Amino acid sequence: MKIGITSDHAGYDLKETIKKYLIDNGYEVVDFGPENANSVDYPDFAKKLTKSVISEEVKYGIGICGTGIGMNIACNKAKGIRAALCSDPLSASLTRQHNNANILNLGARIIGDELAKNIVDNFLNSEFEGGRHQNRVNKIED
């Protein structure tokens, strides 16, 4: 499975940690930057990530900034994106199961590395349940 990942400067270190974790666990990872922790604008990187998810270059995306809030707002501006900001594993599972989320956003200043890995695992290993949830996702898309 191919996963896209991006961050801003505040999320850079966690992005690198999650990228290595994903690769070590057999995922193919496309890194949309940044290449270092110098100050950048998260909307620029969110746009790269959302385009890759919409075009199906990657199956899912992971965006990381300081709180995850800015990245989440920016990602959700793109039609066809259902991005979720998660700070716990249960929310990560449920957003896949009930919302068919295709981007997971994380706050590097909010959660630690091990919790982030657990959240990522729950997101990537949960499946959309469809059924009554599909009707709701359709309404979001409309």
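Source: prediction; values computed, not measured. Count residues from 1 along the sequence.
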Using a 4.5 Å cut-off on heavy atoms from C-beta on, say whether the side chain of [Y] contacts that of [X].
| X | Y | result |
| --- | --- | --- |
| T6 | I64 | no |
| Y60 | V53 | no |
| L22 | L124 | yes |
| K117 | E114 | yes |

Spell out, yes or no, whether [X] and [Y] are grouped together once hydrophobic residues are joined by side-chain heavy atoms under 4.5 Å, including indirect joins.
| X | Y | result |
| --- | --- | --- |
| L104 | I23 | yes |
| V29 | F32 | no |
| I81 | V137 | no |
| Y42 | I69 | no |
| L85 | I110 | no |

Any idea which heavy atoms bring [X] and [Y] closest together, and the distance?
| X | Y | answer |
| --- | --- | --- |
| R109 | A10 | NH2-CB, 3.5 Å |
| A46 | M71 | CB-SD, 3.6 Å |
| N102 | G80 | ND2-O, 3.0 Å |
| A84 | T95 | CB-OG1, 3.2 Å |
| I5 | K19 | CD1-N, 4.0 Å |

Report yes or no: does [X] contribute a side-chain atom to a donor-acceptor pair with the main-chain N or O of [Y] at less than 3.5 Å?
| X | Y | result |
| --- | --- | --- |
| N122 | N118 | yes |
| T50 | K47 | yes |
| K15 | P34 | yes |
| N105 | C75 | no |
| N72 | G68 | no |
| S52 | L49 | yes |
| R82 | N99 | yes |
| S126 | F123 | no |
| D41 | D44 | no |
| S91 | S87 | no |

- Where does the angle between the aromatic ring planes of H98 and H133 fall among parallel (under 30°), tilted (30 to 60°) and perpendicular (over 60°)?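 H98 and H133: parallel rings.
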- How far does CD1 of I18 sit from CG of D31, to the nearest 0.5 angstrom?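 That separation rounds to 12.5 Å.
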- Checking side chain to side chain contact (heavy atoms under 4.5 Å, CB included) for the pair I3/V30: CA distance, chi angles, key distance, verdict? CA-CA 6 Å; I3 307 297; V30 179; over 6 Å; no
- Item | E35 vs Y12, side chain to side chain contact (heavy atoms under 4.5 Å, CB included): CA-CA, chis, key distance, verdict | CA-CA 8 Å; E35 301 304 318; Y12 175 77; 5.7 Å; no
- Passes side chain to side chain contact (heavy atoms under 4.5 Å, CB included), Q134 versus F128? Steps please. CA-CA 9 Å; Q134 184 63 59; F128 180 52; 3.0 Å; yes
Can you confirm whether [X] is buried at [atom1], in the sense that more than 12 heavy atoms of other residues, nucleotides or ligands lie under 6.0 Å from that atom?
| X | atom1 | answer |
| --- | --- | --- |
| K51 | NZ | no |
| K59 | NZ | no |
| E141 | CD | yes |

- Looking just at side-chain N and O atoms, do Y21 and D121 make a donor-acceptor pair shorter than 3.5 Å?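 D121 and Y21 do have a side-chain donor-acceptor pair below 3.5 Å.
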- Derivation and outcome, side chain to side chain contact (heavy atoms under 4.5 Å, CB included), residues I62 and L106: CA-CA 8 Å; I62 299 171; L106 303 170; 4.2 Å; yes
